[in-house]
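In what follows, a structure is listed as structure tokens, so that the remarks can point back to it.
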Amino acid sequence: MTVAHASHHGPWYRVDSAGTVFTATARKQATTVFRLSATLTRPLQADLLQQALEQILVRFPYFAVELRSGIFWSYFQPNAQPPRVLADSHYPCLNFPTRGKGHYPFRVLAYHCRIAVEFTHAATDGSGALAFLKSLLAQYLHLREGLDLSDCGDLMHPGQTPDPEEALDGFRQHYRRRVPSSGVLPRAFQVPYALDTERVYHLTTGLIQVPELLAVTKAAGVSLTEWLAATCLDTLQDLFAQWPKAQRKRYQRPICLDVPVNLRQAFPSKTMLNFFTTVSPALDPRLGHYSFDEILKKVHHTLRVNLNDKELSKAIARNVSARRHPLLRIIPFAIKDHVLPRIYQHWGIKKATCSLSNLGRVELPASLEPYVERFDFIPAYPNIRKVGCACISYRNQLCLTFGRTIAEPALEQGFFRRLTQQGIKVRIETN
């Protein structure tokens, strides 16, 4: 998967090769914008949230920027305009201006008890966005409740000096010149339902008790992410099998799931920018029907085999080598802006049927926990793939959200039905 990055050179921050793809591919219906939110136990005070945003942004200078177009590449430069907290809209992850004077690569939205941050992937990944949200949340509670932030673990606060390594390109930092790039996947099966004519981003969130889910995954001998990924693939396989024979023959490509992996877990890096890749377990319908046990073993071994520094080094090489290509380096950005979206669509986004991103468990200092009810993670608008999934847990609750641009809720219905069949209680919310 493509990744963005910045390294500090005087007053501006360079966007790396994958980040350049994200900036070039962002369109009205392919926004690359994802959302993280925290729901508090009390309604927000808008004026204090505005103060908290202005104060905490000083701690994140690589986010306090505006995207500009250079001769050959995009770049970030400091943004002189004050950031503004906005009222939340009914539909998340909608396109918003991110290029040009005064536009930030993120926005902060407020509604009742909820603080949401939406980032374009050109600026950061889920880990960087979560660190920003947690710090913003802490600063807001400091202003409202008078909480002491001097001993809050890894939370960032305005009094700190930013570590220069936070703005480094983790890919360039860990790139090894002679490591080959990872191979190109075949084009994957795409859900053949038509896009919603209203272009609405439908969301379905399942609220699940983590202990119930862990009891099932531990009995199966796999991780939580592996079990969820296998369940998603199994659901997609059943959807494929339900279509008429002519349709199955027409769309008989691998059913592939993109599972993002945080590279910071394998390579030491303090970067707050994009530093992730994806592992893609897949099923081939031409080989026949897979049992759930077969899918579970395939996912388990695919993830385990690919989650080592040698295999991940190949993914790093893939991201860095794109920018180092001699032809791409000399093509003016105005041309790249038209070419890169087509390349990304063909070589990237069409290589998977769906994505499942698990940000893991949110840890907060004990002093903050009583004020925070839950966290949510919403995937970027899935225009080509039409459906995506993201989850995050806090305390003992997992919030798992499907986002789709089609009218049919077939994937999420089948997915959550499988959970209830395992005795896992699911409370459903939709927008």
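These numbers come from the heavy atoms of this one structure, side chains and all, not from hydrogens, waters or symmetry mates.
In this view, Q45 and D47, L48, Y140, R144 satisfy the side chain to side chain contact (heavy atoms under 4.5 Å, CB included) rule, not counting sequence neighbours. Scanning for ring pair (Phe, Tyr, Trp, His ring centres under 6.0 Å) contacts around F106 gives Y104, F119, F132, with sequence neighbours left out. Partners of E145 under the side chain to side chain contact (heavy atoms under 4.5 Å, CB included) rule, at least two apart in sequence or in another chain, are R42, L141, L147, Y371. Applying the side chain to side chain donor-acceptor pair (under 3.5 Å) criterion to H142, with sequence neighbours excluded, gives no partner residue. Not counting sequence neighbours, the partners of T225 by the side chain to side chain contact (heavy atoms under 4.5 Å, CB included) test are S223, V259, N358. By the side chain to side chain contact (heavy atoms under 4.5 Å, CB included) test, P268 is found to be paired with H174, residues two or more places apart in sequence or in another chain being considered. In terms of the salt bridge (Lys or Arg N to Asp or Glu O under 4.0 Å) criterion, K218 has no residue partners (sequence neighbours excluded). Residues passing the salt bridge (Lys or Arg N to Asp or Glu O under 4.0 Å) test with D309: none are found, sequence neighbours excluded. Under the rule for a side chain to side chain donor-acceptor pair (under 3.5 Å), the partners of R264 that lie at least two apart in sequence or sit in another chain are D125, N262. Considering only residues two or more places apart in sequence or on other chains, E118 meets the side chain to side chain donor-acceptor pair (under 3.5 Å) condition with R35, R107. For S313, there are no side chain to side chain donor-acceptor pair (under 3.5 Å) partners, not counting sequence neighbours.
Salt bridge status for K101 with E66: absent, with no side-chain N to carboxylate O gap under 4.0 Å.
Of the options D258, L236, I255, T235, a side chain to side chain contact (heavy atoms under 4.5 Å, CB included) to C354 is made by L236 and by none of the others.
Applying the salt bridge (Lys or Arg N to Asp or Glu O under 4.0 Å) test to every pair with at least one member in residues 393-405, sequence neighbours left out, gives these pairs: E369-R395, R404-E412.
For an aromatic pair to be called close, the ring centres must be under 6.0 Å apart, and Y62 with F76 fails this.
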